[in-house]
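One structure is given here, and the rest of the page talks about it.
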Number of protein chains: 2
Amino acid sequence: MAQARRYAGGVDGNRSLERGIEILRAFRPGVDTLGNGEIAERCGLPRSTVSRLTRTLVNSGMLDEVRTERSYRLAASVISIGHAMRTGSPVLNAIGPMMRAESAKRRLNVGLATADRTMMVYLESIRYSPRAALRNVVAGQQVPMELTSLGRAYLAGIAETERERLLKLFKRRSTAATKALLADVRRSISAVERDGYCAVSWQPAVLAVATPMVLDGVPVYALNMSLQNVDRSDALASEIGSYLNAFAAKCKEVLAGREPE
Amino acid sequence: MAQARRYAGGVDGNRSLERGIEILRAFRPGVDTLGNGEIAERCGLPRSTVSRLTRTLVNSGMLDEVRTERSYRLAASVISIGHAMRTGSPVLNAIGPMMRAESAKRRLNVGLATADRTMMVYLESIRYSPRAALRNVVAGQQVPMELTSLGRAYLAGIAETERERLLKLFKRRSTAATKALLADVRRSISAVERDGYCAVSWQPAVLAVATPMVLDGVPVYALNMSLQNVDRSDALASEIGSYLNAFAAKCKEVLAGREPE
DNA sequence: CTGGCATTTCCACTAAGTGGAATTAAGGGG
DNA sequence: CCCCTTAATTCCACTTAGTGGAAATGCCAG
């Protein structure tokens with residue numbers, strides 16, 4: 001009744017399109033090919049519907065058909081759209097070069113990310129390495145929001161209602177240690193409010209420190225700096241934190257200055 | 001009549017999904033934000049329809065709304081899907097590391113691309129630089145098929161019917177020099193058939209040599225090697241061409257060996 | 001405050017999409 | 001080699017979900 005009618009002639013959106021996007025999203029690192037049956041299961045859609053939608057996606061160039069195994073793979077078009085996204089991102093364009101410089105100057109990794117549902121996705125990640133190794137960019141890589149400094153900084157940066165919505169989702173999906181985890185997340189959020197940054201080591205021997213970037217006209221981003229092969233220490237965290245605060249301030253300045261194009 | 005009915009209850013696909021994808025595609029490097037009106041014009045769709053579809057794309061996380069200027073931007077989700085594509089590409093996974101090694105060994109740029117409609121899109125591009133500079137990856141970048149060695153190698157690798165279809169499209173869009181250009185394209189295709197590779201310099205002082213990679217179960221790819229700041233010379237082209245032929249052969253071997261997973 | 005432009009909502013219409021059932025195609029033993 | 005299982009695709013009657021013109025709303029500029 002009060003149940004807002006989804007998918008009538010109007011306000012709510014387009015069902016087929018939503019479903020098609022959901023199919024594309026079903027492909028993630030680790031699932032390189034999917035057959036119609038598997039897609040139907042994962043997305044909760046009737047098989048005949050999936051069959052039609054995947055055909056459309058193939059015709060539109062978003063999926064490649066793997067005839068031999070009756071399955072599909074993401075097509076190269078998706079990376080060209082991804083490239084367009086990076087190219088068109090004013091935030092990345094403005095501070096990408098600054099991130100590179102900062103990484104070299106401070107001798108640590110510098111990353112920029114924003115949210116994709118309950119994950120954080122890197123727009124850029126500059127890995128510092130003395131020999132300037134090649135593998136710097138892992139743009140598009142996702143890390144879990146609730147476990148990472150990036151994610152927690154993001155949570156600290158968004159509106160409260162949205163934050164609570166997300167926290168509920170984590171509660172629902174985390175199987176174990178939920179209570180403790182959520183408390184830890186809230187502690188990180190408080191840290192951001194107090195110090196401007198939060199520090200987390202969700203991967204062994206990696207210390208990561210992140211801060212939110214709240215700007216006009218774009219989603220909330222998070223900046224991080226991280227170091228490998230170190231022990232967590234509050235002194236180190238606060239040193240990196242102060243670098244990060246200074247860097248974030250500089251970035252915001254630049255973005256405020258060049259935004260009004 | 002004979003006009004195959006598009007968009008009935010079946011065989012041809014889904015109209016809304018196709019349109020939604022077309023909207024995403026309207027964002028390309030150079031067009032960072034688009035309003036509904038502009039989208040409507042570019043995609044040839046009624047404005048009210050675009051309004052609904054963009055809303056859906058926002059809800060699905062593919063577009064970000066820029067309230068201040070009543071327009072949209074590609075959202076970060078698209079790069080996470082792009083990342084999944086690269087992660088799931090068996091070809092890129094297999095030969096990406098080989099490309100890196102080859103680039104270092106031969107001291108030149110090595111690229112891997114495939115087609116997105118009438119453009120070639122890089123899956124990977126290893127730029128050789130003595131100081132191992134950072135900016136190596138331009139994955140997702142597009143270059144015109146008819147003007148590049150990559151594109152012409154690709155054309156040489158695909159089925160003839162498809163090739164002729166594409167050539168007709170070039171004829172239609174090229175404003176000038178069509179005759180000469182098409183002849184040049186055909187010359188390159190013959191070169192591939194004769195020598196295994198073709199050489200083109202569509203950018204000043206860059207010599208690029210490319211060869212097709214025709215494999216089972218995946219689209220046709222093209223590999224290229226290129227050098228900056230050189231004069232075009234047949235001797236140089238044939239030297240690089242022989243490197244490329246050898247490298248491509250090695251790649252095909254590896255791919256044949258590890259395909260049957 | 002008013003006029004012009006752009007976007008969104010409304011709404012009657014019906015084509016377009018849906019999904020269960022039937023059909024076809026694809027391996028895998030026997 | 002052929003049958004049998006399993007999965008994908010096509011059919012088709014149904015009707016909902018999407019459409020697009022027109023009206024309404026919202027937004028700036030002057």
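In what follows, every chain begins at residue 1, and chains take the letters A, B, ... in the order their sequences are listed.
Proximity of B:N14 to the phosphate of D:dG18: no side-chain N or O atom is located under 4.0 Å from OP1 or OP2. Within the structure, every side-chain polar atom (N or O) of A:T49 is placed at least 4.0 Å from both OP1 and OP2 of C:dG17. Side-chain N/O atoms of B:R19 include one lying less than 4.0 angstrom from OP1 or OP2 on D:dG20. Side-chain nitrogen and oxygen atoms of A:R15 include none within less than 4.0 Å of the OP1 or OP2 phosphate oxygen of D:dT19. Here A:N36 does not reach the OP1 or OP2 of D:dA8: none of its side-chain N or O atoms lies under 4.0 Å away.
Of the charged side-chain nitrogens involved, at least one lies within less than 4.0 Å of a carboxylate oxygen, so that A:E162 and A:R165 count as a salt-bridged pair. Between B:R117 and B:E22 there is a salt bridge, since a side-chain N of the basic residue sits under 4.0 Å from a carboxylate O of the acidic one. Using a cut-off of 4.0 Å between Lys/Arg side-chain N and Asp/Glu carboxylate O, B:E164 and B:R186 are scored as salt-bridged. Looking at B:E124 and B:R100, a side-chain N of the basic residue comes within less than 4.0 Å of a carboxylate O on the acidic one, giving a salt bridge. Ion pairing between a basic and an acidic side chain is recognised when a charged N comes within 4.0 Å of a carboxylate O; B:D116 and B:R25 show such pairing.
Contact between A:E146 and A:T118 at its shortest, heavy atoms only, is OE1-O, 4.4 Å.
Remark: A:E160 CD is loosely packed, at most 12 non-hydrogen atoms of other residues, nucleotides or ligands lying under 6.0 Å away. Atom NZ of B:K250 sits in a sparse spot, with 12 or fewer heavy atoms from other residues, nucleotides or ligands closer than 6.0 Å.
The separation between A:L34 atom CG and D:dA8 atom P is 11 Å, rounded to whole Å. Distance A:R55 CZ to C:dT18 P: 12 Å, rounded to the nearest Å. As a whole-Å value, the separation of A:N59 CG from D:dT9 P is 12 Å. Regarding A:L45, its CG atom lies at a distance of 14 Å from the P atom of D:dA8, rounded to whole Å. Counting to the nearest Å, the P atom of D:dT6 and the CD atom of A:E38 are 17 Å from each other. A:R67 places its CZ atom 13 Å from the C1' atom of D:dT9, with the value rounded to the nearest Å. Distance, A:L53 CG to D:dT10 C1': 15 Å, rounded to whole Å. Protein atom CZ of A:R47 is 18 Å distant from nucleotide atom C1' of D:dC11, rounded to whole Å.
Axis deviation across the helix from C:dC1-D:dG30 to C:dG30-D:dC1 amounts to 50°, comparing end segments of five pairs, rounded to 10 degrees.
Side-chain contact, A:S125 with A:Q141: no donor N or O sits under 3.5 Å from an acceptor N or O.
The side-chain hydrogen bond (donor to acceptor under 3.5 Å, both in side chains) search around B:N36 returns B:T54, not counting sequence neighbours.
Closest approach to the A:Y72 side chain among D:dT10, D:dT9, C:dT8 is made by D:dT9 (side chain taken as heavy atoms from C-beta onward). The side chain of B:S51 has C:dT9 as its nearest neighbour among C:dG17, C:dT9, D:dT10.
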What is the per-nucleotide protein-contact pattern of nucleotides 20-29 of chain C, from the 5' end, where B denotes a base atom under 4.0 Å from a protein heavy atom, S denotes such proximity for sugar-phosphate atoms only, and - denotes neither? B-----SS--
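Residue order along DNA chain D, read from the 5' end via each residue's closest nucleotide, puts A:E65 first among A:S16 and A:E65.
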